[in-house]
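Comments concern the structure below.
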Amino acid sequence: MKKKIKIIAIVMCVIYFLIIPLILVIAHGFVMGKYTYEDYDANRYLVYDNIAEQYPRELINVRSGENVLSAYLYGKDNTKGVIVVAPGHGDSNDIKLYEVRYFVDEGYQVIGFDYTGCYTSEGDSFGGYTQAVYDLNSILTYCDNNDSFSDMPIYLFGHSMGGYAVTAVLNYNHRIDAVVTASGFNSASEQWECSIKRFTGPAYYLIRPINLAFIHLKYGDDSNLSAIDGINISDIPVLVISADTDVFYCGNRSPIYEKKDMITNNKCEFMLMDKPNHNEHYTYFLTDDAIRYQESNPKGKIDKELYMEHDKYILDMIVNFFDKALTK
């Protein structure tokens with residue numbers, strides 16, 4: 001009996017201290033790996049070729065660490081300001097073309113880009129959540145050193161992981177005039193915990209010590225590179241937009257919104273999107289017609305414009321926030 005108990009104890013130790021850490025390493029490597037257009041559903045979402053004739057762009061190469069990022073400048077003759085658009089986790093710059101062209105039509109120059117290891121940028125893999133901040137930091141360094149942007153206000157807009165990047169990058173020293181963060185999380189450590197918790201449920205509390213050790217080893221001090229800290233240190237207008245029910249945050253509101261009592265920047269504003277059918281991670285960007293069309297599960301040739309038709313209300317909210325930022 002004692003021998004059997006000993007064997008069971010050894011097996012449990014192997015599972016806990018070897019198998020679970022290995023699973024965490026593999027899982028992180030998978031979700032933070034390389035992204036290509038094989039991962040992008042061009043049948044449903046815009047690609048640049050769909051709008052190239054109406055919206056010409058200029059390729060900008062920006063070094064970030066050992067790799068070169070592909071960034072794209074739209075509306076280069078516009079004069080209201082420059083909006084840098086940060087995509088979400090695993091997203092191509094193309095997925096933000098719906099917002100990009102609206103901002104261009106409103107008189108802004110826009111810079112879109114792909115993260116390290118993603119789509120048109122160099123890199124063997126994306127690597128981790130904080131890479132989004134490093135890459136955006138490199139894009140903003142380019143803007144700081146480019147004379148064509150020296151007399152123009154610079155704004156940041158990002159959704160999901162992009163919403164994290166545009167606020168966490170405020171911890172760095174850049175000239176930024178206003179930020180809109182939509183459904184953004186607060187830090188790499190919190191988000192990786194949330195992601196593992198989503199897939200393990202109540203069992204997470206058993207593996208939490210191993211996961212915390214993994215986070216510390218993987219991200220080091222940058223595991224706590226915080227959106228909240230960036231907002232508080234910046235003293236610029238920031239608009240925090242959150243869904244009311246967000247599956248990516250375990251059914252809660254976005255972590256930045258949830259921590260609004262910790263925000264001391266008195267220029268920070270909050271918007272909760274709680275309209276029925278428009279209260280989830282991204283649905284508040286979409287029209288009723290778009291949501292109905294998506295729910296119909298269309299086959300064959302899909303109407304890309306209708307599938308992702310954006311609600312003018314939220315796009316105007318973002319543009320108006322940037323328009324007013326310099327007067328605050």
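Bear in mind the structure is a predicted one, so any value in this text is a computation, not a measurement. Along the sequence shown, the residues carry numbers beginning at 1.
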Q. Aromatic rings Tyr172 and His174: how do their planes relate, parallel, tilted or perpendicular, breaks at 30° and 60°?
A. tilted
Q: May I ask you to decide if the ring planes of Tyr108 and Tyr155 are parallel, tilted or perpendicular, using 30° and 60° as cut-offs?
A: perpendicular
**Q.** SB check Lys312 Glu99 (cutoff 4.0 Å)
**A.** no
(Q) Please determine whether a side-chain nitrogen of the Lys or Arg among Glu190 and Lys197 lies less than 4.0 Å from a carboxylate oxygen of the Asp or Glu. (A) no
Q.
Can you tell whether the side chains of Arg292 and Glu295 come within less than 4.0 Å, N to carboxylate O?
A. no
Q | Salt bridge present between Arg253 and Asp246 (N-O < 4.0 angstrom) | A | no
(Q) With ring-ring contact (aromatic ring centres under 6.0 Å, His included) as the criterion, how do His28 and Phe214 come out once you've worked through the C-alpha distance, each side chain's angles and the decisive distance to 0.1 Å? (A) CA-CA 10 Å; His28 190 275; Phe214 169 77; 5.4 Å; yes
(Q) I'd like to check the side-chain contact (heavy atoms from CB on, under 4.5 Å) partners of Asn67; sequence neighbours left out, ordered by chain and number. (A) Thr116, Glu122
Q. For Ile26, which fellow cluster members are found when Ile, Leu, Val, Met, Phe, Trp and Tyr are connected by side-chain heavy-atom distances below 4.5 angstrom, either directly or through intermediates?
A. Leu22
Q | Partner residues of Asp41 under the side chain to side chain donor-acceptor pair (under 3.5 Å) criterion, sequence neighbours left out | A | Arg44
Q: Mark yes when over 12 heavy atoms from residues, nucleotides or ligands other than Asn145 sit less than 6.0 Å from its CG; otherwise mark no.
A: yes
Q) Going by heavy atoms in the side chains, are Arg101 and Leu46 under 4.5 Å from each other? A) yes
Q: Take Tyr37 and Tyr119 through the ring-ring contact (aromatic ring centres under 6.0 Å, His included) test and state the conclusion after the steps.
A: CA-CA 6 Å; Tyr37 277 100; Tyr119 301 95; 5.0 Å; yes
Q. Can you pull the salt bridge (Lys or Arg N to Asp or Glu O under 4.0 Å) pairs that have at least one residue in residues 50-71, sequence neighbours excluded?
A. Glu58-Lys76
Q: Considering only NZ, NE, NH1 and NH2 on the basic side and carboxylate oxygens on the acidic side, decide whether Lys259 and Asp261 come within less than 4.0 Å.
A: no
Q | Test item: Val82 and Met152 side chains (from C-beta on) under 4.5 Å apart, heavy atoms | A | yes
(Q) Is there a ring-ring contact (aromatic ring centres under 6.0 Å, His included) between Tyr282 and His159? Walk through the geometry before answering. (A) CA-CA 8 Å; Tyr282 197 78; His159 172 260; 4.8 Å; yes
Q) What pairs with Lys80 under salt bridge (charged side-chain N to carboxylate O under 4.0 Å, His left out), at least two apart in sequence or on another chain? A) Asp323
Q. Aromatic rings His89 and Tyr35: how do their planes relate, parallel, tilted or perpendicular, breaks at 30° and 60°?
A. perpendicular
Q: Mind jotting down which residue pairs meet the ring-ring contact (aromatic ring centres under 6.0 Å, His included) criterion with at least one end in residues 51-85? Sequence neighbours excluded, please.
A: none
